[in-house]
K.L.:
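The structure's right below; bear with me while I get my questions together.
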Amino acid sequence: MKNLPHKKYQLIILLLLVSLSVSFAQSNIVEMRSKYNSLGKFWVATFEGGVTLPFSDFQTPSIGYTGKAGIEYYFPSRIFLIPGLRLHASYGELNGESNTGRLSGDGSLRRVIKNFNTPFVLLEPSIVAAFGKNKVIPYLALGLDYLLAFIPLEKNGYSLYTNSKRSPFLTFSGEFGIRYFIHNDFSYNFSLKYIKGSVDELDGFVSRKKDAFVMITSGISVHLFRKERIRWKND
């Protein structure tokens, strides 16, 4: 996990590939006006990349990088709202700075630092409410997320804790996003997600303020079992 910053370039390449896929698919758009709902009885595999921004004890948040993948299912629906379930997994980093420094860490590793870097692995089960039945579908999601692993580090890569791998914990999240159908087989996604921590160890500095962070991602979804899902207007 200490080599995570070197994966920035891989994430940039991923986003470029997504953009190329979008451009290619735009030439093959089929009008997605379904009889009932564009997402009814709908399985997708989703792949996204983006950035993180922490809200921590360090005054100046810095942009980090994240990538995620997952599976989603939307239940059959004949109304404007489409309920769904999903399971995503993310791998990313959090960064922050302090002009005055913060006394971070524990034991013999406790020291004043001005920068922190925290790689993390996040498992994200959530419920989804999508709205609409054409090509542009906004959605809201609520999750009970599980931070599987995180390692608070200085910018030079040294751990801030004697036991570098901290205990996993549950946390809550809320997300707003938009799915845009670019083809019967693909859709493009943009999302803004807020994760509220239940501990205050993400930056290595412990206070009464619980750490939190935002994930801004975009990417592409592959529509699975499409022939079972599509209900055209003339059905």
K.L.:
Taking all atoms of both residues into account, what is the closest heavy-atom pair of Ile137 and Phe181, and its distance?
P.N.:
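Looking at all heavy atoms of both residues, the closest pair is CD1-CE1, 3.5 Å.
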K.L.:
Check the pair Thr217, Phe190 against side-chain contact (heavy atoms from CB on, under 4.5 Å), reporting the backbone distance first and the verdict last.
P.N.:
CA-CA 6 Å; Thr217 59; Phe190 171 83; over 6 Å; no
K.L.:
Mind checking the CD1-CZ spacing from Ile195 to Phe172? Nearest 0.5 Å is all I need.
P.N.:
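The CD1 atom of Ile195 sits 13.5 Å away from the CZ atom of Phe172.
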K.L.:
Between Glu124 and Lys193, does any NZ, NE, NH1 or NH2 come within less than 4.0 Å of an OD or OE carboxylate oxygen?
P.N.:
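Salt bridge between Lys193 and Glu124, a charged N being under 4.0 Å from a carboxylate O: yes.
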K.L.:
Which atom names give the shortest non-hydrogen contact between Glu48 and Ser191, and what distance separates them?
P.N.:
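Nearest heavy atoms, Glu48 then Ser191: OE1-OG, 3.7 Å.
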K.L.:
Is the closest side-chain heavy-atom distance between Leu160 and Ile113 below 4.5 Å?
P.N.:
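Counting from C-beta outward, Leu160 and Ile113 do come under 4.5 Å.
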K.L.:
Could you tell me how the ring of Phe55 sits relative to the ring of Tyr194: parallel (under 30°), tilted (30 to 60°) or perpendicular (over 60°)?
P.N.:
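Geometry flag for Tyr194 against Phe55: tilted rings.
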K.L.:
Are the side chain of Thr66 and the backbone N or O of Val51 linked by a donor-acceptor pair below 3.5 Å?
P.N.:
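The answer is no, because no donor-acceptor pair under 3.5 Å joins these two groups.
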K.L.:
Please check if the distance between the ring centroids of Phe120 and Tyr91 is under 6.0 Å.
P.N.:
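No.
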K.L.:
Grab the two heavy atoms, one from Arg102 and one from Ser98, that are nearest each other, plus how far apart they are.
P.N.:
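Looking at all heavy atoms of both residues, the closest pair is NH1-OG, 3.9 Å.
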K.L.:
Hey, what do you get for CG (Leu202) to CZ (Phe213), rounding to the nearest 0.5 Å?
P.N.:
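Here the interatomic distance stands at 6.5 Å.
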K.L.:
Please check if any side-chain donor atom of Asn115 sits under 3.5 Å from a side-chain acceptor atom of Glu154, or the reverse.
P.N.:
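The criterion, which ignores hydrogens and geometry beyond distance, is not satisfied for Glu154 and Asn115.
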K.L.:
How far apart are the closest heavy atoms of Ser126 and Gly143, and which atoms are they?
P.N.:
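Heavy atoms of Ser126 and Gly143 come nearest at CB-CA, 3.6 Å.
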K.L.:
Is there a side-chain contact between Asn117 and Leu94, using heavy atoms and a 4.5 Å cut-off?
P.N.:
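No, side chains not in contact.
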K.L.:
Rounded to the nearest 0.5 Å, what's the gap from CG on Leu148 to CG on Asp145? Could you check?
P.N.:
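Going from the CG atom of Leu148 to the CG atom of Asp145 covers 10.5 Å.
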K.L.:
Is there a side-chain contact between Phe116 and Pro54, using heavy atoms and a 4.5 Å cut-off?
P.N.:
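Side chain of Phe116 against side chain of Pro54, heavy atoms only: contact under 4.5 Å found.
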K.L.:
Quick one: closest heavy-atom pair of Tyr74 and Ala130, and the distance?
P.N.:
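Heavy-atom minimum between the residues: CE2-CB, 4.2 Å.
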K.L.:
Where the side chain of Asp203 meets the backbone of Asp57, is there a donor-acceptor pair that is under 3.5 Å apart?
P.N.:
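At least one qualifying donor-acceptor pair exists.
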K.L.:
Taking the side chain as C-beta and beyond, is there a heavy-atom pair between Leu140 and Phe131 under 4.5 Å?
P.N.:
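Yes, close enough: below the 4.5 Å cut-off.
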K.L.:
Between Asp211 and Phe58, is a side-chain contact (heavy atoms from CB on, under 4.5 Å) present by the stated rule, with each step listed?
P.N.:
CA-CA 10 Å; Asp211 295 322; Phe58 285 66; over 6 Å; no
K.L.:
Can you find a pair of side-chain heavy atoms, one from Leu147 and one from Leu170, that are under 4.5 Å apart?
P.N.:
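When only atoms from C-beta onward are counted, Leu170 and Leu147 do not touch, as no gap falls below 4.5 Å.
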K.L.:
State, to 0.1 Å, how close Phe176 and Ile178 come at their nearest heavy-atom pair, and which atoms those are.
P.N.:
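Smallest interatomic distance, heavy atoms only, reads CZ-CG1, 4.0 Å.
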K.L.:
Are the side chains of Leu85 and Val128 in touch, meaning some heavy atoms are under 4.5 Å apart?
P.N.:
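In short, these two side chains do not touch, never coming nearer than 4.5 Å.
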K.L.:
Set out, in order, the CA-CA distance, both residues' side-chain angles and the distance that settles side-chain contact (heavy atoms from CB on, under 4.5 Å) for Asn95 and Leu53, then state yes or no.
P.N.:
CA-CA 7 Å; Asn95 297 299; Leu53 200 66; over 6 Å; no
K.L.:
Is the closest side-chain heavy-atom distance between Leu153 and Thr118 below 4.5 Å?
P.N.:
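Side chain of Leu153 against side chain of Thr118, heavy atoms only: no contact under 4.5 Å found.
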K.L.:
Any ion pair linking Lys210 and Glu201 (charged N to carboxylate O, less than 4.0 Å)?
P.N.:
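Salt bridge flag = no for Lys210 with Glu201.
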K.L.:
When rounded to the nearest 0.5 angstrom, what distance separates OH in Tyr146 from CZ in Phe169?
P.N.:
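Interatomic distance, Tyr146 OH to Phe169 CZ, rounded to 0.5 Å: 10.0 Å.
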K.L.:
Do Ile71 and Leu224 make a side-chain contact, defined as non-hydrogen atoms from C-beta onward lying under 4.5 Å apart?
P.N.:
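Yes. Closest side-chain heavy atoms under 4.5 Å.
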K.L.:
Do Tyr188 and Phe186 have ring centres separated by under 6.0 Å?
P.N.:
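Aromatic pair excluded; centres sit 6.0 Å or further apart.
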K.L.:
Looking at residues at least two apart in the chain, or sitting in another chain, which of them share a side chain to side chain donor-acceptor pair (under 3.5 Å) with Tyr139?
P.N.:
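Listed in chain order: Glu175.
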K.L.:
Just verifying a value: how many Å separate Ser187 OG and Ile220 CD1, rounded to the nearest 0.5 Å?
P.N.:
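Reported to 0.5 Å precision, the distance equals 7.5 Å.
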K.L.:
Please identify which of these residues, Lys68, Arg86, Glu72, meets the side chain to side chain donor-acceptor pair (under 3.5 Å) condition with Thr46.
P.N.:
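Of all the options given, the one that passes is Glu72.
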K.L.:
Rounded to the nearest 0.5 Å, what separation is found between the OG atom of Ser167 and the CZ atom of Phe150?
P.N.:
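CZ of Phe150 is found 7.5 Å from OG of Ser167.
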